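Heads up, the thing below is written out as structure tokens.
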Amino acid sequence: MRTIRKIERTFTATVVKSAMWFDWTMVLLTVAATMMGAGLGVAAAAPRVDTETMLVDLDHAVTAVDHFWEGHFTEMFGLPYTAPEVVGLYSDAPGTAPICAGQAQPADNAFYCPQGHYVAWGDELIAQGTDIGDAWAYFVVAHEWAHAVVAQLPASLVTDDQELQADCLAAAALYGAVAEGTLILEPGDEQELVEALAALADQTPWTTSTDHGDAFERVEAFNRGRTGGVGACLA
Ligand SMILES: [Zn+2]
């Protein structure tokens with residue numbers, strides 16, 4: 001179980017604008033975090049997020065999302081909360097991809113592995129989404145973390161459409177963090193996430209509509225968590 005991180009430092013995260021796709025207006029202005037050792041500069045206007053920036057966004061997302069669940073899970077459910085282990089960013093270079101249930105995972109996916117209680121995100125999936133905007137990294141982390149949270153819930157609260165429930169809980173955590181001041185987002189994020197989901201629809205295991213729902217269903221679930229919080233995401 002992780003210790004609760006004391007919020008003592010504010011960072012400026014990255015603004016990414018994509019010339020190819022949209023005027024990406026989501027700005028993660030500040031994330032309170034202690035994971036990084038120094039203030040982060042703003043890497044301006046790169047069409048594609050570089051690896052270092054991607055890692056910073058992912059770290060900020062982990063910090064904000066874990067802080068939210070650590071602060072609320074036990075209070076909400078009366079159960080202990082165990083944060084998943086963060087295997088984090090991986091590539092599918094031979095011999096390096098994480099193994100879950102005996103299977104090496106492709107890099108155009110992100111996943112929660114129940115057997116190891118860990119979360120991991122492939123560099124291809126993150127890079128594809130961050131071509132559109134840096135919110136993608138936050139969304140992927142919050143979604144996988146939600147699977148780890150659901151794994152600790154009583155079955156009576158788990159919905160049949162577990163992917164959409166994860167989208168809903170991802171939004172509940174991200175917007176909960178916003179409400180608590182650990183994350184600052186501009187309005188319109190969910191709209192841009194739809195665009196990212198639509199752009200990647202069926203292109204990756206993570207965005208295939210057969211098991212994750214189509215872009216409309218995903219944003220509907222996301223909006224439900226955004227507006228209704230955790231309670232709106234439970235069976
Ligand atoms: Zn999922």
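Computed from a prediction, not measured in an experiment: that's the story for all the values here. Keep in mind that the numbers below use all heavy atoms, side chains included, and drop hydrogens, waters and symmetry copies. Just so you know, ligand 1 is whichever comes first in the structure, and atom 1 is the first atom listed for that ligand.
Of the candidates H117, E144, H143, Y112 forms a side chain to side chain donor-acceptor pair (under 3.5 Å) with just one, namely H117.
Counting just the N/O/S atoms of H143, the one with the shortest distance to the Zn ion (ligand 1) is named NE2.
For residue H147, an N/O/S atom approaches the Zn ion (ligand 1) to within less than 2.8 Å. In summary, E163 places an N/O/S atom under 2.8 Å from the Zn ion (ligand 1), meeting the contact criterion.
No donor-acceptor contact under 3.5 angstrom links the side chains of Q162 and H212, judged on distance only. Side-chain contact annotation: D123 with S91, donor-acceptor N/O pair under 3.5 Å absent. Between the side chains of Q165 and H147, no donor N or O sits under 3.5 Å from an acceptor N or O.
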